[in-house]
Amino acid sequence: MRVRYAPSPTGDPHVGNLRTALLNWVFARHAGGQFIVRIEDTDRERMVDGSLDRILSALEWLGLDWDEGPGVDGPHAPYVQSDRKALGKYAKAAQMLIDNGQAYECTCTPERLDQVRLRQRAEKKPTGYDSYCRNKSDEERTADKAQGLATVVRFKVPLEGEVVFNDVLRGPLTFDPSLLQDFVILKSDGYPTYHLAHIVDDHDMGITHVLRSEEWISSTPRHVMVYEGFGWEPPAFVHLSILLGPDRAKLSKRHGDTALLEFRDKGFLPETMFNFLSLLGWSAGDDEEVMTREQIVEKFSLDGLNAAPSIFNITKLEWMNGVYLRQLPVHALAEILIPELEAPDGLPASISRPLDRDYVTELVPLVHERLKVIDREELAGMLAYFFQDEIELDPAAVVQKGMNEAATASALESAAVALESAEAFESEPLEEGFRALCVELGLKPRQFFGALRVALTARRVAPPLFDTMVALGRERSIARVRRAAALLLRDQAVS
RNA sequence: GCCCCGUUGGUGCAGCGGCCUAGCACGCCAGCCUUUCAAGCUGGAGAUCACGGGUUCGAAUCCCGUACGGGGUACCA
């Protein structure tokens, strides 16, 4: 069993494309077959620099390794169509079809084709090639050749009968070939079109199953005819549902982030993307959703594929990323966090780099279950005060509901004293002591701890208070609490 | 226009003729926990299974039609 992923280097790898790649990969790994990557670069005009690299990086990032393809030699090399074209493979194949009377050369100009199309549209007829060159005599063809007209090769579509193929997901699909036009298989620049290239290659490479996007259904009858023209057995076709944006239109750039690598850059883990992408249009049939790569491979089956299109649900993706983030061991998360925090747009420039790795590791538990994605800005906000000596504090924010400045300042001073005298500077003993102090001061925990939190972090929302004190250390904690008290008293004096 | 595919709560899925008074997850709401935010736990709202016909003792599940959505209709893949 052999499957392939055959991207075109015409842009940034899209989540929809990678989802197709992923399903192919999972299928291959499940069945113990081979997963082949083949680059379909036959459209020389739409080629985009760097696209191929990004496609391969995206595959690698998701952990979709290939058994044959770019950088991995195999018995069917080369795996790039422009290289295969240089070997004459497609010209030879096209010639074979011409010799069999299944294809013919066409010298119609793009201008004539446009005119034909315009007329068809005006007459409200189906658009497409009118087979003008199909029945040219040998004399006409030699005359064309003598003129040196640009030539394409077209496939001769049968005028009657029907084309049937079986789609694994949808059952037998029947098409009327008279609605299909004589399509181009070899372009005037000598490159094959998809309709020729992928068939020659899939046959050469022994591909047994083609899992591709639903948008290919309409051209599959063409492919079946070409297979028949060559006398080859077509592979099994599995047309995967496409991905839709929230507006139910085909997922595309205008829906925001759809390039897979953007998700990496925005702080999604590859495990999350792998799991999430696998669930778009597939399910194991049980109610499990959070699964490891191994579990997905093990449970995979073509029967679990769903023919209905799926909507890409970012909210659920974020939830799932949170699940994976929480599963990460502390040191692994620290490894991820350190470069983010050290980045120029991470922690404020005033904080010196490199960061103390052990200290970051100590801080990880404080933010661990509060993360959904790895967002530099958010992280910097959550952690900057641990790395600073002084924080920018708005005294008004320290004062809690039902308290005034003087009372808050005095409570903070008591806290400072307690911090000074605390025996074990650890979370639990501190909490015990502070709870007692809170009662003694006649304050609600909400008031006392709230004031302390703002005094220590300058934030209303922060990690658990006593863990924060421990991470800050005794000296800094005392200094911050005292400074907040002083600011409050000063403000009070002014007003 | 023509051809093709699809249609289960807001979203992702389960369901493959009786076990469905339609299950799970995300999201939403409420409660618990609690020093904030999360996480976690418990509970709740939310679907006449697009609609209309058939087939069948019995249909979300099979067939036909309609509506709606999507895809294709290139010397793009």
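Since we're looking at a predicted model, the values are computed, not measured. Lettering follows sequence order; numbering is per chain, from 1.
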Exercise. Could you check how far CZ of A:Arg44 sits from P of B:A77, rounded to whole Å?
Key: 11 Å
Quiz item: Hey, does A:Gly190 reach any base, or is it just sugar-phosphate, or nothing, if we go heavy atoms under 4.0 Å?
Solution: nothing
Self-check item: Neighbour count >12 (heavy atoms, 6.0 Å) for atom CD, A:Gln120
Solution: yes
Practice problem: Go through B:C4, B:A25, B:A77 for me and flag the one nearest to the A:Arg46 side chain. | Solution: B:A77
Practice problem: Residues of residues 460-470 of chain A with any non-hydrogen atom less than 4.0 angstrom from an atom of RNA chain B: list those, numerically ordered, please. | Solution: A:Arg460, A:Val461, A:Ala462, A:Pro463, A:Pro464, A:Leu465, A:Phe466
Quiz item: Hey, does A:Thr42 reach any base, or is it just sugar-phosphate, or nothing, if we go heavy atoms under 4.0 Å?
Solution: sugar-phosphate
Quiz item: Do A:Glu369 and B:G40 have a side chain to base donor-acceptor pair shorter than 3.5 Å?
Solution: no
Exercise. Both distances under 3.5 Å, Watson-Crick or G-U wobble: report the partner of B:G65, or none.
Key: B:C51
Quiz item: Does A:Arg154 count as lying over the ring of A:Tyr129, i.e. NZ or CZ under 6.0 Å from the six-ring centre, within 45 degrees of the axis?
Solution: yes
Quiz prompt | Contact nearer the 5' end of RNA chain B, comparing A:Leu371 with A:Asn313 | solution = A:Asn313
Practice problem: Describe the nucleic acid contact of A:Val152 in one word from base, sugar-phosphate, nothing, applying a heavy-atom distance below 4.0 Å. | Solution: base
Exercise. Choose from B:A77, B:C4, B:G6 the nucleotide whose nearest atom is closest to any side-chain atom of A:Ala307.
Key: B:G6
Self-check item: Side chain of A:Ile217 (C-beta onward), nearest among B:C13, B:A77, B:C4
Solution: B:C4
Self-check item: Under 3.5 Å on both distances, the Watson-Crick or G-U partner of B:G43
Solution: B:C29
Quiz item: Can you check whether A:Lys372 has a side-chain N or O nearer than 4.0 Å to OP1 or OP2 of B:C26?
Solution: no
Quiz item: Using a cut-off of less than 4.0 Å, is there contact between a side-chain N or O of A:Asn306 and OP1 or OP2 of B:A14?
Solution: yes
Quiz prompt | Interatomic distance where CD1 belongs to A:Ile311 and P belongs to B:G71 [whole Å] | solution = 12 Å
Quiz item: With sugar-phosphate meaning primed atoms plus P, OP1 and OP2, does A:Arg154 contact a base, only sugar-phosphate, or nothing at under 4.0 Å between heavy atoms?
Solution: sugar-phosphate
Self-check item: Whole-Å distance separating the CD atom of A:Glu214 from the P atom of B:G6
Solution: 8 Å
Quiz item: Does A:Glu340 pair with A:Arg376 as a salt bridge, N-O distance under 4.0 Å?
Solution: yes
Exercise. Taking A:Asn275 for its side chain and A:Glu289 for its backbone only, find out whether a donor-acceptor pair lies under 3.5 Å.
Key: yes
Quiz item: How close or far is atom P of B:U73 from atom CG of A:Asp182, stated in whole angstroms?
Solution: 16 Å
Self-check item: C1'-based separation of B:C41 from B:C5 [nearest Å]
Solution: 44 Å
Quiz item: What nucleotide among B:G6, B:A77, B:G71 has an atom nearest to a side-chain atom of A:Asp43?
Solution: B:A77
Exercise. Report yes if a side-chain nitrogen or oxygen of A:Thr127 is closer than 4.0 Å to either non-bridging phosphate oxygen (OP1 or OP2) of B:A74; otherwise report no.
Key: yes
Practice problem: Would you mind telling me which residue lines up with the more 5' stretch of RNA chain B, A:Arg222 or A:Pro7, judged by nearest nucleotide? | Solution: A:Arg222
Exercise. Classify the side chain of A:Ser188 and the base of B:C75 as holding, or not holding, a donor-acceptor pair under 3.5 Å.
Key: yes
Quiz prompt | A:Trp319 side-chain proximity, nearest of B:C5, B:C13, B:C26 | solution = B:C26
Practice problem: Before accepting this row, confirm whether a basic side-chain N of the pair A:Arg117/A:Asp114 lies closer than 4.0 Å to the acidic partner's carboxylate O. | Solution: yes
Quiz item: Are A:Lys372 and A:Glu378 close enough for a salt bridge, meaning some N to O gap below 4.0 Å?
Solution: no
Practice problem: Tell me what A:Glu40 touches on the nucleic acid: a base, only sugar-phosphate, or nothing, going by heavy atoms under 4.0 Å. | Solution: sugar-phosphate
Quiz item: Can you check whether A:Lys187 has a side-chain N or O nearer than 4.0 Å to OP1 or OP2 of B:A74?
Solution: no
Exercise. Please evaluate the base of B:A25 for a donor-acceptor partner in the side chain of A:Lys316 within a cut-off of under 3.5 Å?
Key: yes
Self-check item: Residue matched to B:G1 through Watson-Crick or wobble contacts both under 3.5 angstrom
Solution: B:U73
Quiz prompt | Whole-Å gap separating P (B:U11) and CD (A:Glu318) | solution = 18 Å
Practice problem: Ignoring backbone atoms, establish whether A:Ser219 has a side-chain N or O less than 4.0 Å from OP1 or OP2 of B:G72. | Solution: no
Quiz item: Rounding to the closest angstrom, what is the interatomic distance between B:C29 and B:C68 at atom P?
Solution: 35 Å
Exercise. Take the protein atom CD of A:Glu111 and the nucleotide atom P of B:A74, then report the distance between them rounded to whole Å.
Key: 17 Å
Quiz item: Between A:Trp216 and A:Tyr194, is the gap from one ring center to the other below 6.0 Å?
Solution: yes
Quiz item: Where the side chain of A:Arg170 is concerned, which of B:C76, B:G6, B:G70 is the nearest nucleotide?
Solution: B:G6
Quiz item: So what does A:Gly281 hit on the nucleic acid, given a heavy-atom distance under 4.0 Å: a base, only sugar-phosphate, or nothing?
Solution: sugar-phosphate
Self-check item: Nucleotide nearest A:Arg326 when distance is taken to its side chain, options B:C76, B:G40, B:U73
Solution: B:G40
Quiz item: Quick one: CG on A:Leu260 to CZ on A:Arg19, what's the gap to the nearest 0.5 Å?
Solution: 13.0 Å
Quiz item: Tell me: CD of A:Gln81 to C1' of B:C75, nearest whole Å?
Solution: 15 Å
Exercise. Can you figure out which of B:G6, B:C4, B:C75 approaches the side chain of A:Leu173 most closely?
Key: B:C4
Quiz prompt | Geometric class of the A:Phe434/A:Phe448 ring pair [parallel <30°, tilted 30-60°, perpendicular >60°] | solution = parallel
Exercise. Remember a base hit wins even if backbone is also touched, and classify A:Leu452 as base, sugar-phosphate or nothing at under 4.0 Å, heavy atoms.
Key: nothing
Quiz item: Are any of the side-chain nitrogens in A:Arg134 or A:Asp182 under 4.0 Å away from the carboxylate oxygens of its partner?
Solution: yes
Quiz item: Are A:Arg4 and A:Asp201 ion-paired here, with the side-chain N under 4.0 Å from a carboxylate O?
Solution: no
Exercise. Give the nucleotide from the list B:G70, B:A77, B:C75 with an atom nearest to the side chain of A:Leu244.
Key: B:G70
Exercise. Whole angstrom is fine here: how far is it from CZ in A:Phe276 over to P in B:U11?
Key: 14 Å
Quiz prompt | Neighbour count >12 (heavy atoms, 6.0 Å) for atom NZ, A:Lys444 | solution = no
Self-check item: Nucleotide nearest A:Ser310 when distance is taken to its side chain, options B:G12, B:C5, B:G6
Solution: B:G12
Exercise. With a 3.5 angstrom cut-off on both distances, give the Watson-Crick or G-U wobble partner of B:G9, or none if there isn't one.
Key: none
Quiz item: Counting only distance, no hydrogens or angles, is the base of B:C37 paired donor-acceptor with the side chain of A:Arg370 under 3.5 Å?
Solution: yes
Quiz item: For B:C37, does OP1 or OP2 lie under 4.0 Å from any side-chain N or O of A:Arg459?
Solution: no
Self-check item: B:A60 versus B:U66 - spacing of their P atoms, nearest Å
Solution: 23 Å
